[in-house]
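The block underneath contains the structure these notes are about, expressed in structure tokens.
First the proteins, then the strands, lettered A, B, ... as listed; each starts at 1. Model, not experiment: these values are computed from the prediction.
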2 protein chains.
Amino acid sequence: MPILYLIPTILAENTADQVLSPQIREVISQTTVFFVENVRTARRFISSLKTGVVIDDLLFYDLDKDTPEAETKQQLAILRQQNRDAGVLSEAGCPGVADPGAVAVRLAHQTGWQVRPLVGPSSILLALMASGMSGQSFAFHGYLSIEKPARLQEIKQLEMDARKRQQTQIFMETPYRNNHLLADILTACNPETRLCIACNLTAKDELVRTLSIREWKAQTPDLHKKPSLFLLL
Amino acid sequence: MPILYLIPTILAENTADQVLSPQIREVISQTTVFFVENVRTARRFISSLKTGVVIDDLLFYDLDKDTPEAETKQQLAILRQQNRDAGVLSEAGCPGVADPGAVAVRLAHQTGWQVRPLVGPSSILLALMASGMSGQSFAFHGYLSIEKPARLQEIKQLEMDARKRQQTQIFMETPYRNNHLLADILTACNPETRLCIACNLTAKDELVRTLSIREWKAQTPDLHKKPSLFLLL
């Protein structure tokens, strides 16, 4: 039975030497087929690890949000027949979590692959660890609505769920819209609600702070274009 | 401002060389105060890394579910005054996620520490990656009720939430009760509901499979005393 490796990548530039588990380099040096969101960055990432593999000998299959499921299914079926291992490589963080990798994994389970997740950085998990909020009960919601009224409504609902279930609510935004989202959180939430902002995780200027909405209003940070996660409780 | 490092540990025996990020060894070799659930296993873990630190020079503070919050608060206050970094070390996996570490992190935020989460293994995240279920929306619930009727009710509620919200529902059980939990899941859920069982993660005999309840009924595995996570969608 071939193995589908789920291979995390770095979150911030020049951090591979600090954050990648040894099993990632080992698997990458032995795998020749990769499902990737972006071939160019995947090639660059594999090169940067300096494992000695010849990049031009590798086979890359596209796996982004527009890839037809049937295409991935067929590629997995052929590899399965050849009993050939493959990897799913994320653009940032862990494949299958808030990225298109989950589709390949689902299809792999249906077609008799062994699935092996490798240890690596996940901004969601790092943010949760560092928030000091409940790690016994938490929910991740990805991106909220782009429309402002709907987004304000969703934030209020998340705050209500956080309080009622004592469940940490985690969400994110495209980095260039972070300041808008933060403004909406400060508008929609109760002054006593706690908000954690986890920004530029694993980078030199990483910042993780948990304060009340009241306190954030008095010292609102500029998050423009800085990859961030938001946690409410 | 002193730094509170959140230091993950291994999930399975003899896996440190594969799963620990380089930053973990680096931080452990430079830190002299640790908040730990169990001093004996923490000392053994640090020794096993062979970083050259003298274990008897280290200071260990208890941080388990029975530790009074005031005690941890005072320890953090004194260290803060001395501007002395410290680490929170988990028993297995990542501190602050399904363990008592979150309390120390919350207090650290309140008393002006910088909090730095390190990259390492988390069974919850590895299970989610490998499940092939939605990583865009998921919730972790920790342990379900011990009482059978309440537990059956909770499983039905989780199945309903999974379907309604298209949200992966993740939960776990004390390993010696895994078979009881699995039996209850197979009883309570719809035959078409998908269940992922992720067992002995990162170990040689790791197993991750996603099948329908109907399929699991035909091939029920023995999970007794095997650390496992359960995911429904």
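Of all residues in residues 205-216 of chain A, those placing a non-hydrogen atom less than 4.5 angstrom from a non-hydrogen atom of chain B are E206(A), V208(A), R209(A), T210(A).
Note on Q23(A), R165(A), H109(A): by heavy-atom pairs under 4.5 Å with chain B, the leading option is H109(A). Residue with the most contacts toward chain A among C196(B), A98(B), G142(B): A98(B) (heavy-atom pairs, distance under 4.5 Å). Counting heavy-atom pairs under 4.5 Å between each of V103(A), L118(A), L201(A) and chain B puts L118(A) at the top. The residue among S122(B), A130(B), G96(B), A139(B) with the most heavy atom pairs within less than 4.5 Å of chain A is A130(B). Interface summary for chain B: among V115(A), I170(A), L126(A), the most heavy-atom pairs under 4.5 angstrom belong to L126(A). Chain B forms the most heavy-atom pairs under 4.5 Å with one residue out of D17(A), L11(A), V97(A), and that residue is V97(A). Among the candidates R106(B), M133(B), R25(B), Q18(B), the residue making the largest number of heavy-atom pairs closer than 4.5 Å to chain A is Q18(B).
Between P8(A) and M129(B) the shortest side-chain heavy-atom distance falls below 4.5 Å. H141(B) is not listed as a side-chain neighbour of Q136(A), based on a closest heavy-atom distance of 4.5 Å or more. At least one side-chain heavy atom of L125(A) sits under 4.5 Å from a side-chain heavy atom of C94(B).
Within a 6.0 Å sphere centred on CD of Q30(B), other residues, nucleotides and ligands contribute more than 12 heavy atoms. Dense packing is recorded around CD of E192(A), with more than 12 heavy atoms of other residues, nucleotides or ligands lying under 6.0 Å away. Other residues, nucleotides and ligands place more than 12 heavy atoms under 6.0 Å from the CD atom of E71(A). A 6.0 Å sphere centred on CD of Q219(A) holds more than 12 heavy atoms belonging to other residues, nucleotides or ligands. Other residues, nucleotides and ligands contribute only 12 or fewer heavy atoms inside 6.0 Å of the CD atom of E13(A). The environment of NZ in K226(B) is crowded: more than 12 heavy-atom neighbours from other residues, nucleotides or ligands sit within 6.0 Å.
Taken from CG in L128(B) to CD1 in I124(A), the straight-line distance is 8.0 Å, to the nearest 0.5 Å. Going from atom CZ of R194(A) over to atom CD of Q110(B) covers 7.0 Å, rounded to the nearest 0.5 Å. Taking OG of S134(A) as the start and CZ of F140(B) as the end, the distance is 9.0 Å to the nearest 0.5 Å.
In this structure, no portion of Q169(A) lies under 4.5 Å from any heavy atom of chain B. In this structure, no portion of T15(A) lies under 4.5 Å from any heavy atom of chain B. Looking at R116(A), both its backbone and its side chain come within 4.5 Å of chain B, counting heavy atoms on both sides. For L20(B), the part sitting under 4.5 Å from any heavy atom of chain A is the backbone (N, CA, C, O) and nothing else.
In terms of heavy atoms, V19(A) sits closest to S21(B) at O-CB, 3.5 Å.
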